[in-house]
Structures are given as C-alpha cells and as structure tokens.
Amino acid sequence: MAVNPILSSGAQGIERGLRGLEETAAKIAGATSPEREQDQPREPNSRQQVEAQVDLKLYKRQVQASAKVVETADATIGFLLDKRV
C-alpha cells in the first residue's frame, strides 16, 4: 500500500479547494464592487450569486474531504510504524 501518493493526493485536493475558494470569493467581491467608470455598484446577477454560493460550499467540502484523506493517511502511517517497532 503506497501511503505517500495518498498524502500527496490529499494535499493537492486541499490546495485546489483553497484556490477555488479564493477565486469564488473574488468573483463575489467583484460582483458587488463599483465599476471604474461609475460610482454605482454593479447589480450582481442573482443566478451568478447563487452559483457562486454553491461553489463556495463545494470547495469547502472538497477541502474538508481532502483533509480527512490526509488525516486517515497519517493515522495509517502511525499505525504501521507502531506495529513495526
């Protein structure tokens, strides 16, 4: 059983999820920030806002699931090391 690739996969999942959270949060913030030419805030498209909120939840779950993968791999490595010693 190769545990290193499992840890790597979990870490990559966390990175992708955090990157997705940052990008989605920037989209949400940009949707409500004033445009350069006007002083009025841009009216966000409600469908885009809903999709962004859903994306935030999905990325949050991705980070949580990937963290669980890392946690489980760590516990497995610890168990195997304890058995070997």
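Since the model is a prediction, treat every value here as computed from it, not as a measurement.
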Please name all residues satisfying side-chain contact (heavy atoms from CB on, under 4.5 Å) with Q53, sequence neighbours left out, ordered by chain then number. I28, L56
Testing the basics here: between G10 and S66, what is the closest heavy-atom pair and its distance to 0.1 Å? O-CB, 3.3 Å
side-chain contact (heavy atoms from CB on, under 4.5 Å) against V69, all qualifying residues, sequence neighbours excluded: I6
Qualifying residues under side-chain contact (heavy atoms from CB on, under 4.5 Å), relative to E15, sequence neighbours excluded: none
My understanding is that only residues two or more places apart in sequence, or in another chain, count here; which of them pass salt bridge (charged side-chain N to carboxylate O under 4.0 Å, His left out) with E51? R47
Could you give the distance from CG (D55) to NZ (K60), rounded to the nearest 0.5 Å? 14.5 Å
Got a second to check how far N4's CG is from I77's CD1, nearest 0.5 Å? 6.5 Å
When rounded to the nearest 0.5 Å, the distance separating OG of S46 from CD of Q49 is 8.5 Å
Got a second to check how far Y59's OH is from E22's CD, nearest 0.5 Å? 11.5 Å
Could I get the full list of side-chain contact (heavy atoms from CB on, under 4.5 Å) partners for K68, not counting sequence neighbours? E71, T72
Please answer whether the main-chain N or O of P5 pairs with a side-chain N or O of S9 as donor and acceptor at a distance below 3.5 Å. no
